[in-house]
S.K.: 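Below is one structure. I have some questions about it.
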Number of protein chains: 2
Amino acid sequence: MSPARTARALARETITREILDSARARLGTDGAAALSLRAVARDVEMVSSAVYRYFPSRDALLTALLIEAYGELGHAAESADAGVTDRSDTAARWLATFRAVRRWCVAHPGEFGLLYGTPVPGYAAPRDTVDPATRVVRVLVRIVGDAYAAGARPPVVPAAAATTGTVAPALAFIAEHGLMAEPDLSDDELPEVVRRALMAWTALFGVLSFELFGHLVGSVTDPEAWLDQVALRLAADLGIQA
Amino acid sequence: MSPARTARALARETITREILDSARARLGTDGAAALSLRAVARDVEMVSSAVYRYFPSRDALLTALLIEAYGELGHAAESADAGVTDRSDTAARWLATFRAVRRWCVAHPGEFGLLYGTPVPGYAAPRDTVDPATRVVRVLVRIVGDAYAAGARPPVVPAAAATTGTVAPALAFIAEHGLMAEPDLSDDELPEVVRRALMAWTALFGVLSFELFGHLVGSVTDPEAWLDQVALRLAADLGIQA
DNA sequence: ACACAAACGAGAGCAGCGCTCTTGCCAAGG
DNA sequence: CCTTGGCAAGAGCGCTGCTCTCGTTTGTGT
C-alpha cells in the first residue's frame, strides 16, 4: 500500500499520530466540545495553521478520533467475548463483555464523552462511523442468540408480547445489518433476541454514562461492583446462565 | 417576601426571565457547551456586559438553567405518577411516569443535553442541584416500593443475590435521602427495591440518551413505542402488574 | 426635599478560539 | 537542473467569556 516510504510520508505519518494522541489527551482533560485545535497545535509545538495540513478542519479531527475510539471499544468487547474459551458459558461471556466495555470507558472518559455524550453542535458523524459504532451491541446480540439457541429462555413470558404486534422496533436493525451468527433461531425468537440485547446494551450504556458523567456520586459507592450487579441482573432476567 | 415591588425589582424579574428563556431557546439549537452569553445578550437586545448584572458568569446562568430543568423534569415525573387515581395500579403509574419523563425530554432536548450530556468542561454543578436531580428516581423508588408492599415480587429470585453481600451500592442513597414513603418493607427488601428502581431509572435514561443523541437512528424506527416496550419489560422483570 | 448609594446599560479592551489567506522554504520527481 | 507541491509560519477576521470604566437612572435614609 505504501511502497515508497519516503521521508516525507514517514514524517506525515508520525506527526499525524502525534496530533491524534495529543487530541485524545486533551479530550480527557477539556472534553470533546472544548477540544481546541490551537491547544493540540501547541502540544505538538506547531503553529495552529500547520495542523490544517493534516486535518482539514476540527470536525475532521473529531471524526478521526471518533472512528479510532469506536474501533477500540468494539475491539475490547469482541476480544473479551472471544477470550472466554467455553463458548457455551454465555453467562461468563456476558459478564466479561460488560466488564471489558466498562474498563475501556473508565480508562478513556474523554473518548466516551465524544462517542456517547452531547453531540457537538455543528458536527454530524459521517456514515463511516455507524458500522464501528454497532460492534458492541453486535457482541451482545451474539451472546444472547447463543444462549437462546442453547435453550435459555427468560424465566417468564411476560405480557409485553401484546405490544410486539403493533410495532416492530429494532427490526430494521437486524434487517439492515446481518449481525447474527446463530441461525438456529425461529423467526419469532430472532426479533426478541435483538430487542433484549439492545435493551441490555442501553442499560449498560446508562450505567456507564451515569458513572462517568457523575450522576452516581451520592448513590453508588462502588461503580465497578454496581456494574457487575446490573450485568448479573440483566443476565438473570434474560435467562442467561452457565 | 417582597412587599415593596419597586419598578426596578419588577424589571429585573422580567429581564431575568427573558434571559433564561432566550438561553433555553439557544440551548436547543446550539447545545449546552456552545451556549454563548453574547448570543443571548443579542436576543434580549442588550450589550453582553449588561447580562452580567443578572448572572455573574456563564456558569451561573448554566446553574440556573440546570435547576429549572431538573425541577420541570421532576415535576413531570411526580405529577404523572400522582395523576393515576388508582394508586394500587402500580403498572399504570410505572408506564405513566416513563412516558412523562420521555415526553419532557423529547420536548426539551437542549435541556436534556445540559442535564445528562457531557459535562461542560470547566463547570461543576453546585450542591443545590443534587436534590432536584433525584426527584425522578425517587418516584420510581416509590412505585416499586408500593408494588413490593402490595406483594409484587420479581418472577424468580436470581442468583445475583450472592453479590449483594460483598458490596452494597445504592444504599448510601436511601440512607442519606429519606426517599421512601412506604415503611411496610423489611430491611432485606428495602435495598433491593432501591437497587431495582435505580437500575430501571438508568435503563430509562439510556433509552432517552440514545434516542435524543441519535444513537438509535438505524436500529429503532419508533422511539416512543420502543420506550413503552422497555418500560413494560422492566415492569415485567420487576413483577409489577396491575 | 435633598443627597447619597446602589443598580444599571453601554462601550472599550484583553486573551483565546476556529478558520482562511499569503508568504517563503525545502524535499521529491521529471 | 528545475519545476511542482507539501510544509511551517504569520497575519488577520469574527467570534467567545470576562473585566473595567463611564454616565445615567432608581430607590432610600435623613
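Protein chains get the first letters and strands the later ones, always in sequence-line order, with residue 1 at the start of each.
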S.K.: Using a cut-off of under 3.5 Å, enumerate the N/O to N/O pairs linking the protein to nucleotides 3-5 of chain D.
M.R.:
none

S.K.: Once rounded to the nearest 0.5 Å, what's the spacing between atom CE of A:M46 and atom CD1 of A:I15?
M.R.: 6.0 Å

S.K.: Is A:L61 touching bases, backbone alone, or none of the nucleic acid, heavy atoms closer than 4.0 Å?
M.R.: nothing

S.K.: Using whole Å, report how far CD1 of A:I19 lies from C1' of C:dG18.
M.R.: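 Atom CD1 in A:I19 sits about 15 Å away from atom C1' in C:dG18.
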
S.K.: Identify, with sequence neighbours excluded, every residue that meets side chain to side chain donor-acceptor pair (under 3.5 Å) alongside A:R17.
M.R.: A:D21, A:E68

S.K.: Please confirm whether the shortest side-chain N or O distance from A:Y54 to OP1 or OP2 of D:dA8 is below 4.0 Å.
M.R.: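 Yes, because at least one side-chain N or O of A:Y54 sits under 4.0 Å from OP1 or OP2 of D:dA8.
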
S.K.: Rounded to whole angstroms, how far apart are CZ on A:R26 and P on C:dG18?
M.R.: 10 Å

S.K.: List in chain and number order the residues that pass side-chain contact (heavy atoms from CB on, under 4.5 Å) with B:R8, two or more places apart in sequence or in another chain; answer none if no residue qualifies.
M.R.: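 B:R8 satisfies side-chain contact (heavy atoms from CB on, under 4.5 Å) with B:T6 only.
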
S.K.: Output one letter per nucleotide in nucleotides 9-17 of chain D: B when a protein non-hydrogen atom lies under 4.0 Å from the base, S when only the sugar-phosphate is that close, - when neither is.
M.R.: BB-B---BB

S.K.: Is there any salt bridge (charged side-chain N to carboxylate O under 4.0 Å, His left out) pair reaching into residues 34-48 of chain A, and which pairs are they, with sequence neighbours excluded?
M.R.: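 Qualifying pairs, neighbours excluded: A:R26-A:D43.
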
S.K.: Does B:E72 have any side chain to side chain donor-acceptor pair (under 3.5 Å) partners at least two apart in sequence or in another chain, and if so, which?
M.R.: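 Side chain to side chain donor-acceptor pair (under 3.5 Å) check on B:E72 returns B:R24, B:W104.
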
S.K.: Under the salt bridge (charged side-chain N to carboxylate O under 4.0 Å, His left out) rule, collect the residues that match up with A:R135, sequence neighbours excluded.
M.R.: A:E78

S.K.: For residues 199-213 of chain A, please give each side-chain donor-acceptor pair under 3.5 Å, one per line with the distance, not counting sequence neighbours.
M.R.:
unit_1	atom_1	unit_2	atom_2	d
A:T202	OG1	A:L198	O	2.7
A:E211	OE1	A:R102	NE	3.1
A:E211	OE2	A:R102	NH2	2.7

S.K.: What residues form a side chain to side chain donor-acceptor pair (under 3.5 Å) with B:T63, not counting sequence neighbours?
M.R.: B:Y123

S.K.: Rounded off to whole Å, could you give me the CD-to-C1' distance for the A:E18 and D:dA8 pair?
M.R.: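 In whole Å, D:dA8 C1' and A:E18 CD are 15 Å from each other.
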
S.K.: Atom CD of B:E13 to atom P of C:dA7: distance rounded to whole Å?
M.R.: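 Result: 16 Å.
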
S.K.: A:F55 has an atom CZ; how far is it from atom C1' of C:dC19, in whole Å?
M.R.: 16 Å

